[in-house]
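This report concerns only the one structure given below.
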Amino acid sequence: MPSLFVGELEQLVLWAILRLGPSAYGVPIVDELRRHTKRPILRPSVYLALRRLEAKGLIRSRLGEPESRRGGRARRHFALQPAGRKLLRESRRTLRSLADGVVLDER
Amino acid sequence: MTSPLFQPSPPRAAVRLLARRLPLDQRDMIVGDLTEVFLDRVEAGRRWNRLWFWLQALGFAMGFAMASARHLSAEPPRRLLMSRLATSCHQATRRLAYEWRYAAGVVLILGLGIGPAAAMLSIVQRVLLQPLDYASPDRLGLVRIDIGQVRNHPGLSLGEIQDLRKTDGLFDAVEGEGRMSQMSFGPPDALEPVSADTITPGLLSMLGVSPAVGHGFTEADAKSDSPQVVLLDHGFWQAHFGADRDIVGRRVLLNGRPATVAGVLPAGFTLVTGRAVPQPIDVYLPLQVTDFRNFWGYPTLVRLAPGASFGQVNEALQALATALAKKYPEAYSADARLRFVVWPLKDDMLRATRPALNAAVAGVLLLLLIAFANATALIVARLKTRERDFAVRIAVGAGRATLVSDVLMESMVLAACGAVAGAGLAAGGIQAARLLIPHTVPRWDHIALGGNLIAMSAALAFAGLLLSGLIPAWAVSRRLPWQALRTGSVQGSRPERAASRLLLVGAQVALTVVLAFGAVQLVRSAGRLARVELGFTPDVLTFVAPLDRRKYRTAADEALLYEHLQNRLREIPGVEAAAASSHLPLSGSFLTDAWTADLTKEPGWDQALANYYAVTPGYFSALRIPVIQGRDFTDVENRTGQHVVVVDELLARAAFPGVRDVTGRVLRLGWGIPDSRIVGVVGHVRGIEIRGISRPQIYAPFGTFTWTPLNFTVRASGDPSRLAGAIRSAVAEMHTGRAVSDFAMLSDNVAVATSTLRAVTDLVMLLAISAGVLSAAGLYTVIVFILHQRRRATAIRSALGASPGQLVRLHLRTSGVVILAALPVGLALAAGVAPLFSTIIYGVRDRDPASLALAVGIAAAAGIVGIAVPVRRAASVDPVVVLRGE
């Protein structure tokens with residue numbers, strides 16, 4: 001039974017898929033996460049997060065065409081499910097209302 | 001790497017690794033993505049790309065392995081392995097359930113080994129190895145002193161405490177405890193006895209103990225001219241002040257004088273200072289350290305300075321002792337051989353019991369060894385019955401690994417059941433031990449069934465699995481299938497099989513001799529350890545009757561009062577004897593005096609010492625101490641304080657070697673007592689410790705010396721403790737001005753002093769007996785099992801008219817000869833390993849012939865019974881039933 005809890009990395013992956021739109025597959029998702037978080041992101045953990053998100057029904061995937069550059073292997077493209085979009089909306093709202101009016105020492 | 005001739009490709013082995021490790025639905029995506037990134041990196045001219053790919057591959061393999069371990073996905077190969085294990089476990093369980101007698105035998109043997117072993121080990125761990133309730137107890141030590149004849153005396157004089165404090169870099173703290181005494185507590189019309197102790201002000205902070213209420217003593221409190229302050233024991237505070245937290249600063253009366261309560265000690269606080277009999281203390285008073293020497297009555301604890309070891313400290317103290325002997329010639333004579341030894345406090349506490357505890361651990365190991373050896377032998381023996389089964393399975397294509405894993409699985413099931421049985425037995429054993437072990441054993445309350453016990457059972461069962469599982473597995477793996485198939489019958493008696501079977505019996509017999517020998521040696525030494533010669537009969541009632549010194553000023557007043565009291569006590573119906581003495585044997589307090597038979601010299605404190613008792617006439621008969629020569633004191637001697645003494649046989653022999661009758665001879669004593677004539681010689685009494693320190697004894701009539709409070713001993717017909725009421729009113733008639741206290745049976749004192757020793761030796765005895773029984777039972781089981789395999793041959797012979805007697809004789813001729821041949825081998829082995837037992841045995845010789853003979857007897861008896869029982873059974877069963885069972 002998939003857990004309903006969505007971890008931080010999983011949320012970040014959801015945002016990255018949303019940003020990348022139709023070109024979202026493994027390689028650019030990792031690049032996108034690295035560019036924005038500015039901290040080391042372990043590749044296996046991203047793929048595991050993708051698998052978990054799919055198991056939870058938050059994203060779906062489809063296979064592309066085999067490519068010679070990939071040793072004849074196909075890409076797998078990811079896209080958000082409605083439940084994924086709903087989750088991001090709610091999480092952004094929660095974050096805003098929680099953070100609103102709170103002074104954070106920026107150092 | 002970037003040669004244009006070749007298409008750069010990721011390392012193939014890494015790709016294979018990924019292909020094997022990744023889930024099917026993820027494989028292509030991940031390998032493809034990694035390949036893509038790999039090429040990007042190559043084209044970007046980056047270095048170490050193959051290494052990068054390897055690291056990625058390993059990361060993915062590990063990540064997905066961990067994820068699937070967390071049940072995020074169930075992978076087909078893993079599921080296969082699990083189901084294979086489950087099947088194997090199921091089959092093993094079914095086989096064992098079918099042969100439940102065999103399974104029960106192995107489980108019982110393992111449980112009987114593991115259970116007592118785990119229980120014993122956890123008791124030893126709780127009692128022996130757990131630290132004291134003091135801060136960093138490993139740095140704490142107790143100072144013992146050697147002076148003249150006296151060795152390992154657990155008390156220093158105050159001057160020596162000062163000397164130790166002056167040393168540089170050895171100790172963080174040196175603190176002393178004073179003599180325990182009885183005091184009266186409360187107003188004169190409601191006196192209550194309390195036991196009091198004195199401690200130096202720094203003692204508590206050295207031990208890391210802070211009072212539960214209030215504060216400890218300050219150096220100023222200890223000055224002789226400052227007002228008296230007192231610390232209360234937690235239990236005493238609860239009982240007498242209802243745990244009132246406002247107690248600090250309250251004034252109480254001690255021996256009629258006011259004292260201010262400084263604080264209350266934490267619950268459970270006890271002072272461990274090398275006493276044979278730790279006794280509860282109600283109140284603590286401050287002890288001032290002066291430069292007084294010559295009275296070694298202050299047990300001294302030290303905390304080592306950081307970086308100092310006990311070895312270094314003892315070496316440095318050697319130099320100090322030499323310097324002191326030079327500096328104070330009046331205190332230590334030239335041949336005093338003064339020496340201080342600092343013992344780790346924990347070691348010191350368990351000094352008397354350590355040999356017994358070592359024996360206990362050795363007994364545990366012996367028991368485990370026996371259990372595992374027997375379990376292994378039984379498992380190996382049973383595997384022989386499955387040879388044909390294995391052969392058939394190999395013939396139809398079973399792999400060797402499958403067979404070995406089947407055997408291991410059976411062992412594992414048996415070990416698991418053995419662990420459960422062992423844990424159950426251990427839990428029962430702990431309960432039994434709590435009943436068996438008296439509460440007086442140090443840290444008795446720590447003996448409990450703990451998690452460590454369960455863990456230990458599991459660990460022991462795993463060890464058992466390794467031992468008793470791997471050997472049979474190895475045996476299976478080297479079987480050749482056609483050999484087993486060729487014979488056509490499980491019970492076939494090819495020469496090779498018969499020889500290996502007889503070899504197994506022989507080895508088991510030899511092993512049994514060795515193990516039984518160890519068990520017998522342990523039982524005998526446990527018996528020796530527990531035997532204690534007291535020299536007196538302790539079933540007397542004792543109590544303390546102190547008196548108010550302000551009312552009875554002279555020794556003669558006191559002697560007269562006590563004589564009256566003694567006579568009054570003897571009038572109480574049921575009282576057979578009543579007497580008084582300054583100290584009681586094994587009570588933890590004693591007085592030491594020096595003596596010499598050479599009247600031209602003063603006795604040296606560092607030479608001949610004796611325990612000094614002031615007693616009233618009748619003391620010896622009350623305690624049933626035998627009078628060997630001369631007589632007891634007379635009432636006149638007692639009252640007028642004539643200078644006569646009674647000595648014990650040790651002193652008589654030491655003072656006048658070779659003299660048959662020493663009565664009439666004169667002894668010179670210390671303490672400024674005039675020379676005294678010996679009027680009698682009595683038996684030696686264990687006065688200080690059950691084992692260890694024992695000193696000669698000098699008895700003087702009470703009138704020559706006074707020592708309050710005085711201990712009365714009353715021997716009565718029936719139960720003396722019924723007399724407490726009558727005794728109380730008798731003392732009240734005498735108006736002593738102090739409360740009667742400490743009603744107790746002297747036998748309780750003795751029980752306390754011997755309790756740990758007795759408890760441990762009882763446990764060792766139980767362990768050793770079960771080890772002996774188990775080793776004999778193991779041999780019996782193996783022989784029964786092996787002969788059971790031959791029941792077909794036996795049945796055929798029986799069908800052809802052989803009588804049971806003839807059959808037994810037949811088997812005795814084959815197996816019996818092997819047993820006979822193995823007995824001397826076992827005997828030689830036992831004699832060979834005997835020195836290994838020498839550290840754990842006590843009072844028994846290494847190669848004790850009686851023990852060796854008994855061990856051989858046990859093994860022979862188990863062997864003969866093991867032959868007779870199955871053969872008789874096989875002969876009595878209808879042969880047709882046996883033969884049909886093929």
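Computed from a predicted model, the values in this text were never measured in an experiment. Reminder, nothing fancy here: chain letters follow the sequence lines and each chain counts from 1.
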- Tell me, side chain or backbone of A:R75 under 4.5 Å from chain B's heavy atoms, or both, or neither? side chain
- Task: For atom NE2 of B:H90, decide whether the heavy atoms of other residues, nucleotides or ligands shown that lie under 6.0 angstrom number more than 12.
- Result: no
- From CA spacing to verdict: side chain to side chain contact (heavy atoms under 4.5 Å, CB included), A:L48, B:F60: CA-CA 9 Å; A:L48 285 167; B:F60 271 101; over 6 Å; no
- Output the distance between atom CG (A:L63) and atom CE (B:M29), rounded to the nearest 0.5 Å. 9.0 Å
- Item | Flag if over 12 foreign heavy atoms under 6.0 Å of CD, A:E90 | yes
- Heavy-atom pairs under 4.5 Å with chain B are the metric here; pick the option from A:G26, A:P44, A:G71 that has the most. A:P44
- Item | Gap between atom OH of A:Y47 and atom CG of B:L22 - 0.5 Å precision | 11.0 Å
- Where on B:V15 is there a heavy atom nearer than 4.5 Å to chain A: the side chain, the backbone, both, or neither? side chain
- Heavy-atom donor-acceptor pair, A:R70 side chain to B:L34 backbone, under 3.5 Å: no
- Mind checking the OG1-CZ spacing from B:T35 to A:R69? Nearest 0.5 Å is all I need. 10.0 Å
- Message: Tell me if the CG atom of B:L24 is crowded by more than 12 foreign heavy atoms within 6.0 Å.
- Response: no
- d(A:R73 CZ, B:I30 CD1) to nearest 0.5 Å is 11.5 Å
